[in-house]
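Counting starts at 1 for both ligands and their atoms, in listed order.
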Amino acid sequence: MTNLTHLTLAEALKGLENKDFTSVEITQAHLDAMESMRHLNAYVIETPEIALAQAKASDDRRAKGNAGPLDGAPISVKDVFCTKEVQTTASSHILEGFIPKYESTVTQNIFNDGVVMLGKTNMDEFAMGASTTTSYFGNTINPWKNKSDPGKDLVPGGSSGGSAASVAARMALGSLGSDTNGSIRQPSSFCGITGIKPTYGRCSRWGIVAFASSLDQAGVFGRTVEDCALLLKSVCGHDPKDSTSAKIDVPDWPKLLSSNQGVKGLRIGIPKEFRVDGMPDEIEKIWQQGIDWLKDEGAEIVDISLPHSTYSVPAYYIIAPAEASSNLARYDGVRYGLREDGEDLIETYEKTRAAGFGDEVKRRIMIGTYVLSAGYYDAYYIKAQKIRRLIVEDFQKAFEKCDALLAPTSPSVAFPIGEKLDDPVKMYLEDVFTSPASLAGLPGMSVPAGLNADGLPLGLQIIGRQWDEEMVLRVGAAVEKAANFSAIPEMVDTKLAA
Ligand code: GLN
């Protein structure tokens, strides 16, 4: 039998439908892969009992002809989503032992469609980071190795690094993640997989551990654009429990994608401000390669300008910490997870928060509290909000001239674990290409486009108009076809062949 963990989600669904194998079989194959790849620390918790029970139930449904659109497919879930009766920590010590009594809307949506949950994946604490090194549960290791320096473990990107590693290492057919500013796109790029963040408001934030509410958005990882379309359709939709989720129909993206329209006649915008100083040659080259591919397929390439995008990283690092400082005020040692008792209530708060939050989270709470303080609110927070508005308007103008944007996903490939940790600003600059779309609430996707000279994956980013995920997927499919990316991390092959 073909190795079941190497199938795409679409292929696995076909195999299940044709009764080539059962959900229990494909689920067990993934549980075995998880065991053999445990050293990557992609999962915070594995949930084999739940997975096998869900798989069995799925096989029963299928036998009765009641299978849902994703029935029996095993996937992983970022530990930022509250899962009923399953510990949910957002990789923070402060939430250790927190067992939600409810299910997040997006996980409920995929379960309603028949998905099997393999476990909860590792992430940067409270989704703050770009490397999955701020997790209380230790870093995740990227399954890819730098050929020139194979002894060094690399980061999988972040914050959804566990999700991306789980999909790249064939420990899940796909994954649910969240993207506040790049946390799906950048790890997809680092791990050689595909990931899409839909328009802000496309799916419910209900039951997602909040970081920056005006930016947080659920999204999905897959090994192909088609797999992303399948998962995305399942997670999206209006939810009366989240007033920021939009009452707007969810298109049948997999079907639209299967009509294979190509990019002929489309106008693809190239934002000139993304040609940042010091951009590595390999990033510049892959971007040019992407432009050439789309041109060869008949797209028209247009130069566009997003003049305020150069301020998007500083604006984001004011707005996101401001919202985080408010959202994280709820962790007081009384209601969730960890509690460190003090002499009185105030001391209990202080001791709990001192012990429960890691350094990066504390840094952001302090920055956020500062920029919201009476004396500095106008100078920082209000100014950042004004910049955000200007960035939204820049995109609106750009989209008069083009249908989608093509850009690099990240200014670097996967870097060694520990690098950039002593300099938060260096880490924040990882977000240079992802923050404009996040601040504007636009859909964005990363598609693997090739390997660099050291054998590490490089991603290209496609950004679309508000609600136009269809265009993002369509352009993404064209990049995917041209790139024909089929590389697999070496360790996956050798381990599974053994
Ligand atoms: N790099 C971003 C940050 O550190 C990632 C945020 C996200 O998308 N969760 O805030």
Residue pair S214, E323: steps toward the side chain to side chain donor-acceptor pair (under 3.5 Å) verdict: CA-CA 8 Å; S214 75; E323 294 184 21; 2.6 Å; yes
What donor-acceptor contacts under 3.5 angstrom involve side-chain atoms of residues 375-386, with partners at least two apart or in another chain?
residue: Y381; atom: OH; partner: Q385; partner atom: NE2; Å: 2.8

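You'll find the ring centres of Y331 and F98 outside the 6.0 Å limit.
Looking at heavy atoms from C-beta onward, K197 lies out of side-chain contact with S183 at the 4.5 angstrom threshold.
Each of A127, M128, G129, A130, S159, D179, T180, N181, G182, S183, F211, Y316, Y317, R364, D431 has a non-hydrogen atom positioned under 4.0 Å from some atom of ligand 1.
Salt-bridge formation is detected for the pair K101/E85: a Lys NZ or Arg NE/NH1/NH2 atom is positioned less than 4.0 Å from an Asp or Glu carboxylate oxygen. The pair K397-E393 does not meet the salt-bridge criterion, since no charged nitrogen lies less than 4.0 angstrom from a carboxylate oxygen.
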